Amino acid sequence: MGHVLPPAFYDRNVVEVAIELLGKLLVSRTREGLAAGRIVEVEAYLSRRDKACHASRGRTPGNAAMFGDPGTAYVYPIHSRCCFNAVTQPEGEPSAVLVRAIEPCRGESLMKRRRGAVPEMDLARGPGRLCEALGIGRDRNKHNLTSGRGLWIEQNPGMRLSEAIYCSPRIGVTRAQDRYLRFFLLGNRYVSGPRRPPRKRRVKYQFPTRGVE
DNA sequence: GTTCGGATTATCT
DNA sequence: GATAATCCGAACC
């Protein structure tokens, strides 16, 4: 096992965590075996003030995991599928990063068994497919991602030199379309959504520059 | 109890 | 790209 991301990693602003999750390794171990992939697409959901965030309507039994500690898994069902989020902590508000796609790295045969006969590229392209490929079910809701058991995220070599982070509006949400809170590796074949997003709806992400001393 | 809409996806055109 | 399938949680009665 590699280096499991600790609670401190998640205990930061959700956008910061979302961007840094790109390139990390999402690992799932079940009785069936181990499967893992490199995170290539994420979305940030920004607590109560973000109308697209489940927590914006307050705490309910369904979204309670989002109100948990940073590093908690928030798994919720939608349209007969599951979506996987990692809870973060922006100024004490319930927020989370939705992991939308991974590039399969380990346990591809297990993923294929779970997903059926689909193109390699579609094994874990999209939040629902990703959960199916990794065997992430509702039983993982509220799972502690920092324990290194069952489901966790590992440090990874990370970004390749040729890779650039782009952002766009979040997919599938009708509200807050002016917010560019989806982050992905431009050109990566395992990223979901239209293969060529309209240029107007995507921009290169600029890392905040530190002041020159 | 019923209704309604969604952080989706497969399957069309 | 458009649509239908499908089902759960939330909101309302």
Side-chain angles (χ1 to χ4, degrees), chain A residues 10 13-15 17-19 21-22 26 37 39-68 70 72-88 90 93-102 104 111-143 145 151 153 166-184 189-202:
Chain A
Y10 300 97
N13 177 278
V14 61
V15 173
V17 174
I19 290 160
L21 278 177
L22 290 172
L26 176 58
I39 297 172
V40 296
E41 179 187 359
V42 294
E43 286 178 357
Y45 286 86
L46 269 53
S47 86
R48 292 193 162 83
R49 290 191 301 278
D50 177 3
K51 294 300 179 199
C53 180
H54 290 170
S56 67
R57 291 182 205 163
R59 181 175 181 150
T60 67
N63 67 15
M66 261 184 127
F67 292 75
T72 299
Y74 169 40
V75 180
Y76 69 89
I78 184 166
H79 290 266
S80 321
R81 292 157 193 284
C82 282
C83 293
F84 165 74
N85 299 248
V87 173
T88 69
E93 292 289 312
S95 61
V97 177
L98 169 69
V99 180
R100 288 191 56 90
I102 58 170
M111 295 194 211
K112 281 176 186 163
R113 214 178 313 146
R114 286 169 171 154
R115 291 273 300 128
V118 300
E120 175 91 22
M121 202 192 300
D122 293 343
L123 270 184
R125 193 175 62 112
R129 294 164 172 159
L130 177 158
C131 284
E132 189 172 26
L134 293 182
I136 300 174
R138 301 176 61 181
D139 55 322
R140 291 292 193 207
N141 193 34
K142 299 186 179 178
H143 179 82
L145 295 171
L151 180 64
I153 305 176
Y166 270 64
C167 41
S168 79
R170 291 168 291 187
I171 290 183
V173 306
T174 54
R175 295 181 263 204
Q177 280 292 291
D178 55 322
R179 299 235 227 185
Y180 281 42
L181 292 172
R182 169 176 175 251
F183 304 95
F184 58 98
R189 303 184 316 156
Y190 298 91
V191 170
S192 75
R195 232 187 297 157
R196 290 201 64 79
R199 288 205 172 263
K200 279 188 124 170
R201 302 293 274 169
R202 84 173 196 221

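The analysis underlying the following values was restricted to heavy atoms, covering all of them including side chains, and did not include hydrogens, waters or symmetry mates. Throughout, a chain's letter reflects where its sequence line sits, starting with A, and its residues are numbered from 1. These numbers come from a predicted model, not from an experiment.
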- Taking only residues two or more places apart in sequence or in another chain, which ones pass salt bridge (charged side-chain N to carboxylate O under 4.0 Å, His left out) with A:R114? A:E32
Using a cutoff of under 3.5 Å, can you pull out all pairs of nitrogen or oxygen atoms linking the protein to nucleotides 10-13 of chain B, with atom names and distances?
from   : atom 1 : to     : atom 2 : distance (Å)
B:dA10 : OP2    : A:R129 : NE     : 3.1
B:dA10 : OP2    : A:R129 : NH2    : 2.3

- Quick one: side-chain contact (heavy atoms from CB on, under 4.5 Å) partners of A:A133, sequence neighbours excluded? A:M111, A:R115, A:A124
- Residues in salt bridge (charged side-chain N to carboxylate O under 4.0 Å, His left out) contact with A:R129, at least two apart in sequence or another chain: none
- Message: Can you give me the dot-bracket string for DNA chain C, 5' to 3', counting Watson-Crick and G-U wobble pairs with both distances under 3.5 Å, using [ ] for crossing pairs and | for partners on another strand?
- Response: |||||.||||||.
- So which pairs with a foot in residues 51-66 of chain A pass side-chain hydrogen bond (donor to acceptor under 3.5 Å, both in side chains), sequence neighbours left out? A:H54-A:Y74, A:T60-A:N63
- Item | By salt bridge (charged side-chain N to carboxylate O under 4.0 Å, His left out) - contacts of A:K142 (at least two apart) | none
- Task: Sequence neighbours left out, what passes ring pair (Phe, Tyr, Trp, His ring centres under 6.0 Å) with A:F183? Give chain and number order.
- Result: A:Y205
- Query: Got a sec, which residues hit side-chain contact (heavy atoms from CB on, under 4.5 Å) with A:A101, two or more places apart in sequence or on another chain?
  - Reply: A:V40, A:E41
Any N/O pairs under 3.5 Å between the protein and nucleotides 5-8 of chain C? List them or say none.
from  : atom 1 : to    : atom 2 : distance (Å)
C:dT6 : O3'    : A:S80 : OG     : 3.4
C:dT6 : O2     : A:H79 : ND1    : 3.4
C:dC7 : O4'    : A:S80 : OG     : 3.3

- Message: Strictly by side-chain hydrogen bond (donor to acceptor under 3.5 Å, both in side chains), give each pair with a member in residues 171-180 of chain A just once, sequence neighbours left out.
- Response: A:Q177-A:R201
Check: protein-nucleotides 10-13 of chain C nitrogen or oxygen pairs below 3.5 Å:
from   : atom 1 : to    : atom 2 : distance (Å)
C:dA10 : OP1    : A:T60 : OG1    : 2.3
C:dA10 : OP1    : A:G62 : N      : 3.1

